[in-house]
Amino acid sequence: MGEEVVSKNFIEQEIDKDLAEGVYQNVCTRFPPEPNGYLHIGHAKSILLNYGLAKKYNGTFHLRFDDTNPTKEDMEFVESIKKDVEWLGADFGDHLYYASDYFDIMYECAVKLIKKGKAYVCDLSPEEIREYRGTLTEPGKNSPYRERSVEENLALFEEMKNGRVEDGKRVLRAKIDMSSPNINMRDPIIYRVAHMSHHNTGDKWCIYPMYDFAHPIEDAVEKITHSICTLEFEDHRPLYDWVVRECEFDPAPRQIEFAKLYLTNVVTGKRYIKKLVQDGIVDGWDDPRLVSIAALRRRGFTPESIKMFVDMCGVSKSQSSVDYAMLEYCIREDLKMKRPRMMAVLDPIKLVIDNYPEDQVEYLDVANNLENEDLGTRKVPFERELFIERDDFMIEPPKKYFRLFPGNEVRLMHAYFVKCVGYETDEQGNVTVVHVTYDPETKAGTGFTGRKVKGTIHWVPASHAQKAEVRLYENLVDEEKGVYNKEDGSLNLNPNSLEIRRNCYVEPSFDGCGAYDSFQFVRNGYFCIDAKDSAPDALVFNRIVSLKSSFKLPK
């Protein structure tokens, strides 16, 4: 037999080539988030890709915060990002870094560029700099300050560093080519004045490096071999390489771009999510209707399901969108064999078994998951009064309705056959109680074959049941209209994205369960105990996903 052919993505092929040619002796990758918001599902792809490459090549993986912009950064975001990366299983070990740790090195690099005649201090206003830059079809023109001497530039840059220049009055620019067809190479700004405190360096600095200057230096200092980033940075690669080369780093890291992960009909933009939070439309950055990693975790998604999703999306250079239903498919696939199947009634009406002894309670043996015997069994109390779902009884049922109605017989799941003999209603005609009789010979597991029923319904024991709040989530976005309003750019929100049911009942087997524990509620979907609002004596469940899927695996 021949050797198995292992398919590799284009990034792995490039890494193989670099290692074979001796460009690098090992592999070192990084995930470099800006701490200006919570991470979302798209970031999960980058985290798992970078970590996966480091692991595959027995290399090193770094987590580094690109904290070069103190105007938008916050320690809340730093802590949330660390938690998300760890939860996804991307082990960065001792390799936790901050771009701000390298501010001294970046300053030295800027001075080196000035001394080489590769950078200059520019006094043009931001508006003038944009005007001088040119367009996609017209070259830019040189700044009148471009030919300042090395000595003057060093002195002016020192003044900027020492706090003698107001915000926006001066910048340091790289001296490259104002006629370059790539606008990013038209003397980009590499330092700006900003009199602001930084979460990591305090008031030490009043000048801060621009991302395109800082990022390649960070990679080079950490000896990153392959800087894996998304396609919007492809046009920035010449500048990345220029900075590394002119600052004389060796070996130089290599930037490789891949396509972003786009999910249909979801909100990922940080400014939109921030506004949703500020306006109280969602319950924080971890609201289960969002696709931030924190929100997905709170809703009940697992790291394994997200990894499965990312693997199914693959790695390519072509932009495409993925249906949210594929993410739902992945969590169903992950949970269906791993989680117990419990009974919960979300819209209860009482069921009374008229001929069942009033004071009797029997404990039924119930399999936790019929498809996975390793999950074992549990005891569920059965008694005269139960709760069932309101839609499991109808006074006048349509054709092919096989649940309870007057005169019909069904099986109570794991228990007995019962036959409807009557019902009670309130003044508005709403059914409040259903009366049935049971046949003791029909107990599940006894081998009864005397007759068959077409319907099976679930239940919970009335006096033993735990009351619970259940939150049913739908898409935050109105899918028919799309995410954004074309007229004003606002979000098209679904007014029915959250339904809260406060009078639900679950079987007593949830004792001892805690935050993030997940279950299949028979016939109702997969649910997770909410980590923020739930308590041992006040359970709150989030619906992760329904049982039925609209997603079809490609053949």
May I ask you to decide whether [X] forms a salt bridge with [Y], counting only side-chain N to carboxylate O separations under 4.0 Å?
X      : Y      : answer
Glu108 : Lys112 : no
Asp250 : Lys223 : no
Arg501 : Glu469 : no
Lys55  : Asp91  : no
Asp241 : Arg245 : no
Glu371 : Arg341 : yes
Glu34  : Lys72  : no
Lys307 : Glu304 : no
Glu222 : Arg64  : yes
Glu234 : Lys317 : yes
Asp533 : Arg471 : yes

Whether [X] side chain and [Y] backbone form a donor-acceptor pair below 3.5 Å:
X      : Y      : answer
Tyr24  : Ala252 : yes
His198 : Asp67  : yes
Lys45  : Gly314 : yes
Asp323 : Thr264 : no

Using the rule given for salt bridge (Lys or Arg N to Asp or Glu O under 4.0 Å), can you reason through Glu389 versus Arg523, listing the C-alpha separation, both sets of side-chain angles and the distance that settles it, and then say yes or no? CA-CA 10 Å; Glu389 295 284 2; Arg523 294 171 52 211; over 6 Å; no
Checking [Y] against [X]: is there a side-chain donor and acceptor pair closer than 3.5 Å?
X      : Y      : answer
Tyr38  : His40  : no
Asp334 : Ser305 : no
Asp16  : Tyr57  : yes
Ser180 : Arg186 : no
Asn200 : Asp101 : yes
Asp74  : His199 : no
Asn36  : Lys270 : yes
Asp219 : Tyr240 : yes
Asn184 : Asp235 : no

Under 30°, 30 to 60°, or over 60°: which ring-plane class applies to Phe519 and Phe521, parallel, tilted or perpendicular? parallel
Between Tyr211 and His215, how do the two ring planes meet: parallel, tilted or perpendicular, split at 30° and 60°? parallel
Hits for side-chain contact (heavy atoms from CB on, under 4.5 Å) against Asp286, two or more places apart or cross-chain, chain-then-number order -> Ala294, Arg298, Lys532
Side-chain donor-acceptor distances from residues 187-197 under 3.5 Å, at least two apart:
residue : atom : partner : partner atom : Å
Asp187  : OD1  : Arg146  : NH2          : 3.3
Asp187  : OD1  : Ile176  : N            : 2.8
Asp187  : OD1  : Asp177  : N            : 3.4
Asp187  : OD2  : Tyr120  : OH           : 2.8
Asp187  : OD2  : Arg146  : NE           : 2.7
Tyr191  : OH   : Tyr107  : N            : 3.2
Arg192  : NH1  : Tyr208  : O            : 3.0
Arg192  : NH1  : Pro209  : O            : 3.2
Arg192  : NH2  : Thr68   : O            : 3.1
His195  : ND1  : Asp167  : OD1          : 2.6
Ser197  : OG   : Asp203  : OD1          : 2.2

Leu491 side chain reached by Asn485 side chain, heavy atoms, under 4.5 Å: no
